[in-house]
Amino acid sequence: MNSEEIKQLDKGSFLPTYGRFDVALCSGKNATARDCEGKEYIDFGSGIGVNSLGWADEAWAQAVSRQAATLQHTSNLYYNPVSGSFAAELLRVSGYGGVFLGNSGAEANECAIKLARKHGVEQGGDDHCEILTLQNSFHGRTVTTLAATGQDVFHHYFFPFTGGFVYAEPNMESVRAHVTEHTCAVMIEFVQGEGGVLPLDKSFVQDLSALCRERGMLLIADEVQTGVGRTGTFYCWEQYGVRPDILTSAKGLGGGLPIGACLCTAELRDVLGAGMHGSTFGANPVVCAGAAEVLRRVSRPEFLAEVREKGVYLRERLEKMEGIAEVRGLGMMLGAVPEKSTAAALASACVKEGLLILTAKTALRLLPPLTITREEMDKGLAILERVLAQAE
Ligand SMILES: *Cc1c(COP(=O)(O)O)cnc(C)c1O
């Protein structure tokens, strides 16, 4: 099949929920993808921060295919050796006390919300269930995680939304004005990804964490995008000096297969009892076999040090680049605001020139595979430079 045939089949079949770039990808190696005609693309997106080990990583692909040929699914009614050891290893690496595994970021956040509410109700009664989130946040596409998302544009059409969410500006004055006796938890992204790659202020996060402790509210970190090495530490909280009670992780965790994890402290481990939550596909052994390889590689201190170095290199190159007004973000999660044209138009132009790059609001967004090489970065940056020079 050639690219045109692929596009026609796609357009005739799927609900039109996605605005796709004009390219059909057929294969790839590390941070270089190929379209179905063999043209190469440098990848600054990793899907959307998912392919943390790049395209078709050998050890990852082997782990996944071996597991698929051995035991592909058991359901959560039975034990299996792969999912349990992955979960234990994730707890060891993250320092958490318990984990629930689902299939996506939204599903991980749903679990976090249920856990926080059950805990809140147990502590303070049935109306102790409100969750404070931040303006400009993004927490997912289910009806409840849309409600948790602090952006009005997501609060249309699908009424009635789940109640019990309030939205504060990312400052303590606004947070204090929105916290009530009903608030059981606060949910934040350390770096707002979809919101434009906006890191929260460190002192704000520390004050917020102190307020949570003081008032017995749980701190939930949505690390669906910032997690698994993306920002230069395994989880981003390490850089903020606060320890969330609940942490959600997804995108990069599976290396390309669907997984979502809701981690919690040992104290919260037994809040959700048997039958209170579940997922048919959750903790799938094939997915866990791939995720175990991601975990093994990305948690190594040398690997994380390389991510930080590459992040600094990308940031410095972008800061010096003609046509970029502002660079922000952490590690290899970067936003670059262009001086001319729009992020969307520039991203489309980049694809034509052989560079896959994302956008977030008015920023170009870079989430390259964590394994990207210097050579691949340089090729991609050269394309971006050329596209920016032609921008009007
Ligand atoms: C992508 C994302 C989600 C939603 O994840 P899905 O896997 O698409 O459900 C939630 N929170 C954050 C911060 C994200 O970046």
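What you are looking at is a predicted structure, and each value in this text was computed from that prediction instead of being measured. The figures that follow rest on heavy atoms only: side chains count, while hydrogens, waters and symmetry mates do not. Both ligands and their constituent atoms are indexed starting at 1 by order of listing.
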Within the supplied structure, the quantity of interest is the number of heavy atoms (other residues, nucleotides, ligands) at a distance under 6.0 Å from Lys340 NZ; does it exceed 12?
no
Other residues, nucleotides and ligands only: do more than 12 of their heavy atoms fall within 6.0 Å of OH on Tyr79?
no
Pick one: which of Phe165, Tyr157, Phe159 meets ring-ring contact (aromatic ring centres under 6.0 Å, His included) with Phe161?
Phe159
Residues Arg213 and Asp245 bridged, charged N to O under 4.0 Å:
yes
Mark yes when over 12 heavy atoms from residues, nucleotides or ligands other than Glu302 sit less than 6.0 Å from its CD; otherwise mark no.
yes
If you look only at pairs with a residue in residues 360-382, which of them pass as a salt bridge (Lys or Arg N to Asp or Glu O under 4.0 Å), with sequence neighbours excluded?
Glu194-Arg365, Arg317-Asp378
Could you check ligand 1 for N or O atoms lying under 3.5 Å from protein N or O atoms and list the pairs with distances?
residue: ligand 1; atom: 7 (O); partner: Gly105; partner atom: N; Å: 2.8
residue: ligand 1; atom: 9 (O); partner: Gly105; partner atom: N; Å: 3.4
residue: ligand 1; atom: 9 (O); partner: Ala106; partner atom: N; Å: 2.8
residue: ligand 1; atom: 11 (N); partner: Phe138; partner atom: O; Å: 3.3
residue: ligand 1; atom: 11 (N); partner: Asp222; partner atom: OD1; Å: 3.4
residue: ligand 1; atom: 11 (N); partner: Asp222; partner atom: OD2; Å: 2.8
residue: ligand 1; atom: 15 (O); partner: Gln225; partner atom: NE2; Å: 2.7
residue: ligand 1; atom: 15 (O); partner: Lys251; partner atom: NZ; Å: 2.6

